[in-house]
Amino acid sequence: MLKVALLQKEIAWGDPVKNRESFSNAISRCGRADLYILPEMFSTGFCSKSQFFAEPSGNSSLGWMKECALRFNAAIAGSIAIDEGGTCYNRFYFVKPNGETVFYDKRHLFTYGGEDNFFKGGKERRIIEYKGFRILLQVCYDLRFPVFSRNMQDYDLAIYVASWPASRAEVWSALLKARAIENQCYVIGVNRVGDDPESHYSGNSAVIDAYGHTVAACTPEKEDTVCAELDLAELEEFRKKFPVLEDRDIFELK
């Protein structure tokens, strides 16, 4: 079993100190979990212009994540805008309780919003192991590209952290379910709420199982935290009973 906590919150525009404090308080209030998941660019809010918000590699927000992981004896996951030697990435960090850190750089940059003009897209899929689960790390716009997230029988849970506008909330919810059903896995989507200079966000964060059922969901349009327990044995039993993935198409990503 893996107990996850989804932290759906407002994000103060360009204020890492305030946001880190806010998420620290939310983690303290929500109770014990194995994994706490934060939205995309949780420390600043989403901004496609990296020069405004990108933090240096080895930044204060990553240090805060490591401190929280140690303090709460749990993994912490969320993305940060990172400047690494003049090249910027939308970087999804997964920090384990012992401080071990794995990251995934967002592959599909949001060209509609100009993210590709200031950030460099990642090249590699990233799957990590934690408490028996194989976990695929994904960021926001990645959700629209099923080929990149195709389950090659190499993961059990996909996590999407996002700043997904309310105007496309129905698309968000539909695609989370689609990714779970087609990949026969758990899917978690954690989205922010509130406003920034460009968009309004309604949250709609949720945990979806391999049947497409909603296991847990945050209240739309409100700051909310929900917890859910993911059962790996139950997932494996379903895969044995209905082995869809064995009939998948085989391909290689370029």
Side-chain angles (χ1 to χ4, degrees), residues 1-8 30-38 69 72-78 92-98 100-104 107 124-140 142-162 172-191 204-218 225-253:
M1 302 291 282
L2 179 69
K3 187 173 183 181
V4 298
L6 285 58
L7 279 65
Q8 176 177 287
C30 81
R32 179 78 183 91
D34 299 309
L35 169 59
Y36 298 93
I37 308 172
L38 288 55
F72 295 102
N73 190 31
I76 310 291
F92 185 173
Y93 284 110
F94 190 105
V95 181
K96 297 181 181 181
N98 63 1
E100 179 186 348
T101 302
V102 181
F103 68 82
Y104 158 71
R107 176 181 173 95
E124 297 183 8
R125 240 163 138 255
R126 188 55 54 93
I127 295 170
I128 61 105
E129 292 191 16
Y130 180 61
K131 289 191 173 294
F133 277 77
R134 300 167 301 167
I135 304 173
L136 176 71
L137 306 182
Q138 300 274 272
V139 180
C140 201
D142 286 329
L143 183 60
R144 287 183 177 269
F145 301 92
V147 172
F148 187 59
S149 64
R150 186 60 172 146
N151 193 346
M152 307 303 288
Q153 295 185 307
D154 54 0
Y155 71 87
D156 310 299
L157 164 65
I159 299 176
Y160 291 86
V161 297
W172 161 261
S173 296
L175 291 179
L176 288 177
K177 290 189 175 185
R179 297 295 87 83
I181 294 167
E182 71 195 10
N183 292 306
Q184 213 167 31
C185 67
Y186 286 105
V187 167
I188 295 175
V190 179
N191 190 28
N204 301 95
S205 304
V207 181
I208 311 296
D209 69 14
Y211 294 89
H213 299 152
T214 301
V215 176
C218 294
T225 300
V226 298
C227 293
E229 290 192 342
L230 311 186
D231 190 328
L232 184 57
E234 184 177 282
L235 175 61
E236 290 175 341
E237 181 61 30
F238 174 47
R239 287 171 169 173
K240 290 178 183 177
K241 179 181 178 181
F242 191 54
V244 173
L245 294 178
E246 293 183 8
D247 297 325
R248 70 191 186 280
D249 297 308
I250 303 300
F251 56 86
E252 292 184 5
L253 289 172

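Taking the side chain to side chain contact (heavy atoms under 4.5 Å, CB included) definition, one finds that Val226 meets it with Leu6, Ala216, Cys218, Asp224, sequence neighbours left out. Considering only residues two or more places apart in sequence or on other chains, Leu230 meets the side chain to side chain contact (heavy atoms under 4.5 Å, CB included) condition with Leu2, Val4, Phe133, Leu157, Tyr186, Ile188, Val207. Applying the salt bridge (Lys or Arg N to Asp or Glu O under 4.0 Å) rule to Lys177 yields no partners; only residues at least two apart in sequence or on another chain are considered. Partners of Arg144 by salt bridge (Lys or Arg N to Asp or Glu O under 4.0 Å), not counting sequence neighbours: none found. For Tyr130, the side-chain hydrogen bond (donor to acceptor under 3.5 Å, both in side chains) criterion is met by no residue, not counting sequence neighbours. Applying the side-chain hydrogen bond (donor to acceptor under 3.5 Å, both in side chains) rule to Arg107 yields no partners; only residues at least two apart in sequence or on another chain are considered. Scanning for salt bridge (Lys or Arg N to Asp or Glu O under 4.0 Å) contacts around Glu129 gives an empty result, with sequence neighbours left out. Take Asp154 and apply the salt bridge (Lys or Arg N to Asp or Glu O under 4.0 Å) test, not counting sequence neighbours, and it matches Arg125. Every residue two or more places apart in sequence or in another chain was checked for a side-chain hydrogen bond (donor to acceptor under 3.5 Å, both in side chains) with Gln184, and none qualifies. Applying the side-chain hydrogen bond (donor to acceptor under 3.5 Å, both in side chains) rule to Tyr104 yields the partners Asp142; only residues at least two apart in sequence or on another chain are considered.
Here the side chain of Asn191 pairs no donor or acceptor atom with the backbone of Ser205 at under 3.5 angstrom.
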Worked check of side chain to side chain contact (heavy atoms under 4.5 Å, CB included) between Ile159 and Leu136: CA-CA 6 Å; Ile159 299 176; Leu136 176 71; over 6 Å; no
Pair Arg32-Asn73, side chain to side chain contact (heavy atoms under 4.5 Å, CB included): steps then yes or no: CA-CA 9 Å; Arg32 179 78 183 91; Asn73 190 31; 4.1 Å; yes
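At least one side-chain heavy atom of Asn183 sits less than 4.5 Å from a side-chain heavy atom of Arg150. A heavy-atom distance below 4.5 Å is not found between the side chains of Val190 and Leu7. By the 4.5 Å heavy-atom criterion applied to side chains, Phe94 and Leu35 are counted as neighbours. Side-chain atoms of Leu38 and Ile76, non-hydrogen and from C-beta on, do get closer than 4.5 Å to each other.
Of all heavy-atom pairs between Cys30 and Tyr36, the closest is SG-CE2, 3.3 Å. Here the closest non-hydrogen pair linking Leu176 and Tyr160 is CD2-CD1, 4.3 Å. Between Arg179 and Cys185 the shortest heavy-atom distance is O-SG, 4.1 Å. The two residues Asp231 and Ala233 have their closest heavy-atom pair at OD1-N, 3.0 Å.
Listed by first then second residue, pairs satisfying salt bridge (Lys or Arg N to Asp or Glu O under 4.0 Å) with a partner in residues 130-140 read Arg134-Asp156, not counting sequence neighbours.
Partner of Gln138 under the side chain to side chain contact (heavy atoms under 4.5 Å, CB included) criterion, chosen from Phe92, Phe148, Phe145: Phe148.
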Side-chain donor-acceptor contacts of residues 240-251 below 3.5 Å, not counting sequence neighbours, with atom names and distances?
{"unit_1": "Arg248", "atom_1": "NH1", "unit_2": "Gln153", "atom_2": "OE1", "d": "3.2"}
{"unit_1": "Arg248", "atom_1": "NH1", "unit_2": "Leu245", "atom_2": "O", "d": "2.9"}

